[in-house]
Asks: 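Dropping a structure here in structure tokens format, bear with me for questions.
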Amino acid sequence: RESRMTAKALLVQFKQRQEQRANAYSEFDKFFKSYLRDRDVKLYQSLTKTVAKKFQTIGNDIRKIETDLLKIDCKEWAHKIRQVQTLEKKKLEMTIKLQVLKTKYLIDKSDEFNEKFREISAEYREEIGEVIEGINDILMELHYKIHQ
């Protein structure tokens with residue numbers, strides 16, 4: 001009984017960290033949009049470092065939660081958290097690729113690049129959407145597990 005309560009508490013902590021990660025993504029997106037508008041590279045780099053530290057702290061916290069779940073023999077949820085971590089890493093990588101692509105588009109607005117930009121950015125957005133769907137599926141399971 002005590003292990004189940006501990007597992008539930010760990011899952012609640014994980015859910016809270018995921019919410020913090022979602023907020024960090026919102027900041028990251030807001031900073032990038034501001035950069036596209038103002039083209040202030042130094043400010044963007046500074047803000048990006050701040051967000052990167054948040055992502056790192058959240059990732060470290062989640063790895064500890066995953067380890068703690070394994071210690072109390074809650075392997076299924078530790079595995080699901082690992083899946084979310086893997087998907088989150090892919091989402092961040094794809095988000096950065098999309099930002100780099102958008103930045104290149106600002107520099108090279110040729111017709112040739114414009115077509116390539118539309119094609120590639122659509123692929124990236126689709127891939128990010130699929131990753132988010134995978135994350136949300138696991139988070140929905142988590143929601144039900146917490147509220148059982």
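Remember, it's a predicted structure, so these values are computed and weren't measured experimentally.
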Asks: Would a hydrophobic clustering, with Ile, Leu, Val, Met, Phe, Trp and Tyr connected at side-chain separations under 4.5 Å, put V84 with F55?
Replies: no
Asks: Would you call D73-K75 a salt bridge at under 4.0 Å N-O?
Replies: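 The answer is yes: the pair qualifies as a salt bridge.
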Asks: Quick one: CG on D38 to NZ on K33, what's the gap to the nearest 0.5 Å?
Replies: 14.0 Å
Asks: Indicate whether any N or O donor in one side chain lies under 3.5 Å from an N or O acceptor in the other, for T67 and R63.
Replies: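 Side chains of T67 and R63: no pair found under 3.5 Å.
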Asks: Is it possible for you to say whether F31 and L106 belong to one hydrophobic cluster, with membership spreading through side-chain heavy-atom contacts below 4.5 Å?
Replies: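 Yes.
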Asks: Might you point out which heavy atoms bring I62 and Q18 nearest each other, and give the distance in Å?
Replies: CD1-OE1, 3.8 Å
Asks: Tell me every residue that passes ring-ring contact (aromatic ring centres under 6.0 Å, His included) with F117, counting only those two or more places apart in sequence or in another chain.
Replies: Y105
Asks: So, do Q99 and T95 sit near enough that their side-chain heavy atoms are less than 4.5 Å apart?
Replies: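 Yes, their side chains come closer than 4.5 Å.
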Asks: Mind checking the CD-CG spacing from Q83 to D137? Nearest 0.5 Å is all I need.
Replies: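 The distance works out to 10.5 Å.
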Asks: Quick one: do Q13 and L10 satisfy side chain to side chain contact (heavy atoms under 4.5 Å, CB included)? Show the steps, please.
Replies: CA-CA 5 Å; Q13 284 180 10; L10 289 167; 3.9 Å; yes
Asks: What closest approach, in Å, do T103 and F32 show between heavy atoms, and which atom pair accounts for it?
Replies: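 Shortest heavy-atom separation between T103 and F32 comes out as OG1-CE1, 3.6 Å.
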Asks: Hey, could you give me each pair passing salt bridge (Lys or Arg N to Asp or Glu O under 4.0 Å) that has a residue in residues 83-99? Not counting sequence neighbours.
Replies: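 As it turns out, the salt bridge (Lys or Arg N to Asp or Glu O under 4.0 Å) pairs with a partner in residues 83-99, which skip direct neighbours, are R21-E88, E88-K91, K90-E127.
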Asks: Give the cluster check for I138 versus Y144: same hydrophobic cluster or not, with ILVMFWY residues linked at side-chain heavy-atom distances below 4.5 Å.
Replies: no
Asks: Mind checking whether F14 and V131 sit in one hydrophobic cluster, side chains of I, L, V, M, F, W, Y counted as touching below 4.5 Å?
Replies: yes
Asks: Quick check: closest heavy atoms across G134 and L87, and the distance to 0.1 Å?
Replies: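 In terms of heavy atoms, the two residues are closest at C-CD1, 3.8 Å.
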Asks: Could you measure the distance from the CD atom of E27 to the OG1 atom of T48? Nearest 0.5 Å is fine.
Replies: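 Nearest 0.5 Å value for the CD-OG1 distance: 10.5 Å.
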Asks: Can you list everything that forms a side-chain hydrogen bond (donor to acceptor under 3.5 Å, both in side chains) with N136? Sequence neighbours excluded, please.
Replies: none
Asks: Hey, what's the ring geometry for Y25 with F28, parallel, tilted or perpendicular (30° and 60° as the breaks)?
Replies: perpendicular
Asks: Are L11 and I72 in one and the same hydrophobic cluster, where Ile, Leu, Val, Met, Phe, Trp and Tyr link if side-chain heavy atoms are under 4.5 Å apart?
Replies: yes
Asks: May I ask you to test the W77-K80 pair for a side-chain heavy-atom distance under 4.5 Å?
Replies: yes
Asks: Shortest non-hydrogen contact from E66 to I81?
Replies: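 Shortest heavy-atom contact: CB-CG2, 4.1 Å.
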Asks: Can you measure from CD1 (I135) to CD (Q85) and round to the nearest 0.5 angstrom?
Replies: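 Reported value, rounded in 0.5 Å steps: 9.5 Å.
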Asks: Roughly how far apart are H79 NE2 and L69 CG, rounded to 0.5 Å?
Replies: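 CG of L69 is found 13.0 Å from NE2 of H79.
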Asks: Taking the side chain as everything from C-beta on, heavy atoms only, tell me whether D40 gets closer than 4.5 Å to Y44.
Replies: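 Side chain of D40 against side chain of Y44, heavy atoms only: no contact under 4.5 Å found.
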Asks: With heavy-atom distances below 4.5 Å as the criterion, would you say the side chains of L92 and I96 are in contact?
Replies: yes
Asks: Kindly compute the distance separating CZ (R17) from CG (D61), expressed to the nearest 0.5 Å.
Replies: 4.5 Å
Asks: Taking the side chain as C-beta and beyond, is there a heavy-atom pair between Q16 and V12 under 4.5 Å?
Replies: yes
Asks: Would you confirm whether S34, through its side chain, and K30, through its main-chain N or O, come within 3.5 Å as a donor-acceptor pair?
Replies: no
Asks: Kindly give the heavy-atom pair with the smallest separation between L98 and S121, and that separation in Å.
Replies: CD1-CB, 3.6 Å
